[in-house]
Amino acid sequence: MKLILLGPPGAGKGTQAESLAKRRGLIQLSTGDMLRAAVKAGTEIGRKAEAIMKSGGLVSDEIVIGIIADRISEPDCANGFILDGFPRTLKQAAALDELLDSKGTILDAVIELKVDDAALLSRIENRARETVAAGGTVRADDNAEALKTRLMAYYRETSPLIGYYFAQGKLKTIDGMAPISEVSRQIDALLGDA
């Protein structure tokens with residue numbers, strides 16, 4: 001099973017991807033983690049990415065797709081994977097479709113976690129308060145202003161993927177504002193026995 005979790009920052013994609021990966025025996029693929037692993041392994045694509053990252057630049061879509069291509073070819077991805085943080089743009093989605101097509105496979109589903117922006121702000125502020133109360137360090141982007149900036153980027157660049165995957169018949173939408181266990185139950189119900 002090949003899946004994408006889609007939704008704005010703070011919607012719970014990472015939490016749900018991790019839980020879903022465990023329940024279904026899938027591999028959670030984070031583009032950031034894959035980039036760091038490729039750099040550490042010294043692969044050809046990793047060396048290209050490292051040079052760009054060291055200079056402070058953004059790694060190109062071509063390099064990210066190359067890293068994904070390498071990673072999904074590994075044996076542990078044979079049963080399927082969940083893409084976490086990719087694609088973020090229509091161009092990346094089209095490149096991913098081409099990559100999967102070249103490997104004779106397709107995405108099974110794109111699950112949109114639909115959330116309320118005002119509730120997201122409250123969720124982020126609560127997470128920051130709970131982290132401080134527990135003696136932890138708050139992430140730099142766990143504040144209302146950073147979230148607003150990230151939401152604007154999401155709506156500008158990533159939200160068009162909702163229509164893209166809807167047109168392909170792959171989009172499944174669930175209530176991302178429900179409790180974590182209920183969101184997990186909804187995802188399992190949508191995926192069935194697949």
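This chain uses plain numbering: 1 for the first residue, then up along the sequence. Every heavy atom of this structure was used, including side-chain atoms; hydrogens, water molecules and symmetry mates were not.
Remark: L6 CG to K114 NZ distance equals 10.5 Å, nearest 0.5 Å. One distance of note links CG of L171 with CG of L161; it measures 10.0 Å at 0.5 Å rounding. How far CG of L29 is from CE of M34: 5.0 Å, rounded to the nearest 0.5 Å. Separation of atoms SG (C77) and CG (D70) is listed at 11.0 Å; rounding is to 0.5 Å. Atom CZ of R156 and atom OG1 of T89 lie 12.0 Å apart (nearest 0.5 Å). To the nearest 0.5 Å, the span separating OG1 on T15 from CG on D84 amounts to 9.5 Å.
The hydrophobic clustering, which links ILVMFWY residues whose side-chain heavy atoms are closer than 4.5 Å, places F86 and L90 together. There is no path of hydrophobic side-chain contacts, each under 4.5 Å, that joins I187 to I180.
You'll find the side chain of D117 stays beyond 4.5 Å of the side chain of K148, heavy atoms only. Side chains of D97 and Q168 form a contact here, defined as non-hydrogen atoms less than 4.5 Å apart. With a 4.5 Å cut-off on side-chain heavy atoms, F81 and Q28 do not count as touching. Counting heavy atoms from C-beta outward, Q92 and V64 have side chains that stay 4.5 Å or more apart. With contacts defined as side-chain heavy-atom distances shorter than 4.5 Å, the pair I4/Y165 qualifies. Side-chain atoms of I67 and V59, non-hydrogen and from C-beta on, never get closer than 4.5 Å to each other.
The two residues A109 and L191 come nearest to each other via the heavy atoms CB-CD2, 4.2 Å. Closest heavy-atom contact between K172 and L190: CB-CD1, 3.6 Å. Considering every non-hydrogen atom in both T158 and R88, the closest pair reads OG1-O, 2.8 Å. Closest approach of Y154 and P9 over heavy atoms only: CB-CD, 4.0 Å. Of all heavy-atom pairs spanning L151 and P8, the tightest one is CD2-CB, 3.5 Å. Between I106 and K170, the shortest heavy-atom contact is CB-NZ, 4.3 Å.
Salt bridge status for D33 with R36: present, with a side-chain N to carboxylate O gap under 4.0 Å. A salt bridge links E74 with R71: the distance from a Lys NZ or Arg NE/NH1/NH2 to an Asp or Glu carboxylate oxygen falls below 4.0 Å. With respect to R127 and E130, no salt bridge is recorded, no charged nitrogen being found less than 4.0 Å from a carboxylate O.
Between the side chain of R47 and the backbone N or O of G42, at least one donor-acceptor pair lies under 3.5 Å. K13 places no side-chain N or O within donor-acceptor distance of the main-chain N or O of L113, the cut-off being under 3.5 Å. Side chain of T105 to backbone of L100: no donor-acceptor contact under 3.5 angstrom is found. Side chain of S19 to backbone of Q16: no donor-acceptor contact under 3.5 angstrom is found. When atom types are taken as modelled, the side chain of N79 and the backbone of L26 share no donor-acceptor pair closer than 3.5 angstrom. Side chain of S122 to main chain of A118: no donor-acceptor pair is present (N/O by atom type, distance under 3.5 Å, no hydrogens or angles).
A 6.0 Å sphere centred on OH of Y155 holds more than 12 heavy atoms belonging to other residues, nucleotides or ligands. Within 6.0 Å of the NZ atom in K91, the count of heavy atoms belonging to other residues, nucleotides or ligands does not exceed 12. Summarising the local packing, CD of E182 is surrounded by more than 12 heavy atoms from other residues, nucleotides or ligands at distances under 6.0 Å.
A donor and an acceptor atom, one from each side chain of S60 and K48, are nowhere located under 3.5 Å apart.
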- Task: Just do the side-chain contact (heavy atoms from CB on, under 4.5 Å) check on I65 and E98 with the steps written out, would you?
- Result: CA-CA 10 Å; I65 284 288; E98 287 179 29; over 6 Å; no
- Please walk me through it: do V39 and L35 pass side-chain contact (heavy atoms from CB on, under 4.5 Å)? CA-CA 6 Å; V39 168; L35 278 168; 5.5 Å; no
